[in-house]
Protein chains: 2
Amino acid sequence: MTTSERLIESTRELLWERGYVGTSPKAILERAGAGQGSMYHHFKGKPDLALAAIRRTAEELRAGAAGVLHGPGTPYERIEAYLTREREVLRGCPIGRLTMDPDVVASEELREPVDETLDWLREQLAGIVEEGKEQGQFGPELDGEAIAATVVATVQGGYVLARASGSPADFDAGVRGLLGLLAPRSAV
Amino acid sequence: MTTSERLIESTRELLWERGYVGTSPKAILERAGAGQGSMYHHFKGKPDLALAAIRRTAEELRAGAAGVLHGPGTPYERIEAYLTREREVLRGCPIGRLTMDPDVVASEELREPVDETLDWLREQLAGIVEEGKEQGQFGPELDGEAIAATVVATVQGGYVLARASGSPADFDAGVRGLLGLLAPRSAV
DNA sequence: GTCTATACACTGATAGAC
DNA sequence: GTCTATCAGTGTATAGAC
């Protein structure tokens, strides 16, 4: 792996663990096994390196979610697969958590990939809900975009519950509640 | 207001705006108009002051939520009132956001009031759902504790969506989706 | 109780040698 | 490309004067 790659990967890990404000260039360099000079040669500074790291994490998240959302199964099953997907719950969402970082939200550039990712996720889910409505699996009264927002919010909020208690089961409880509400009548 | 009070209030504001990692004693002192000595006279240090601030914020949150949850109305209406309650959405949840702070989660003491508050909230909501089931407003298949987790998660995740896009409407979309799913059949 | 002075490691960045 | 040296400012805490 090149030094530049190692810097990006180390930054991704630290952003996930400690957020942007809690991550120092020094910590990144130690983890990457590089000196100050390397970082400032490849990147303009901390924000520039963080941007590269966030963009890569966003891409990875989208790719992973797309695999589940556009996989096999009925609309309900695909939403269920997304919600019950294996996650490192106690680590939180590597993208969603950045919204609680004051310096990320304050920077148009750093916030952009975060916004784009969550937006993309909601679009995919909204499409699946509409598909389910056409197939009669979901009632016509459901608002695809609103349900999509609820699904994403339940996941993001599930991380909050789990990290507060230290127990992944609290994430699962939120998901279980939502799936119960979404379940096609015939399946209840 | 006493100096000690000003320190706690300043800390509460900064923890909400910038989180624990992003808040320095220096910033607290400047906002409170106090010197170093005052802070270390009244508190053992940053964690001790933060604990006092978090506890107070937690109490306030509980009191506010209790007013809505145990107010007038049917179980559904009270959950609706909680979900659509006026919030400073873009500021995020002053308690929930702390779960994304590595130093808060790493400290048993600092995490405790956060955990306790979200737990209390879920208990109240679970009780209301059970009440609604007894009254026939909610179907008997609903799991009160799971629905409660979903409700709290939707709120916490709604903050994430809104802060990502910079638009409170995204919080509202998640809430609207959940309310649509929760609505008693007769009300649809 | 409150203040200033002091301490020392860390933050984020630049300069320049190799 | 990568390293070390250096820097002004900040983070967190202690000491001691008033």
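All chains are named by letter (A, B, ...) in the order of the sequence lines, taking the proteins before the strands, and each is independently numbered beginning at 1.
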Correct closest heavy-atom pair for B:Ala65 and B:Tyr82 would be CB-CE1, 4.3 Å
A correct 5'-to-3' footprint of nucleotides 1-14 of chain D, with B, S and - meaning base, sugar-phosphate only and no protein heavy atom under 4.0 Å, is BBBB-----SSSBB
Exercise. Does the ring of B:Trp16 carry B:Arg91 above it, NZ/CZ under 6.0 angstrom from centre and within 45° of its axis?
Worked result: yes
For residues 112-122 of chain A, the side-chain hydrogen bond (donor to acceptor under 3.5 Å, both in side chains) pairs (sequence neighbours left out) are A:Arg62-A:Thr117, A:Arg122-B:Asp170
ring-ring contact (aromatic ring centres under 6.0 Å, His included) pairs touching residues 142-180 of chain B, sequence neighbours excluded, are B:Tyr159-B:Phe171
| task | Say whether B:Arg18 and B:Thr23, considering side chains only, have a donor N or O and an acceptor N or O under 3.5 Å apart. | result | no
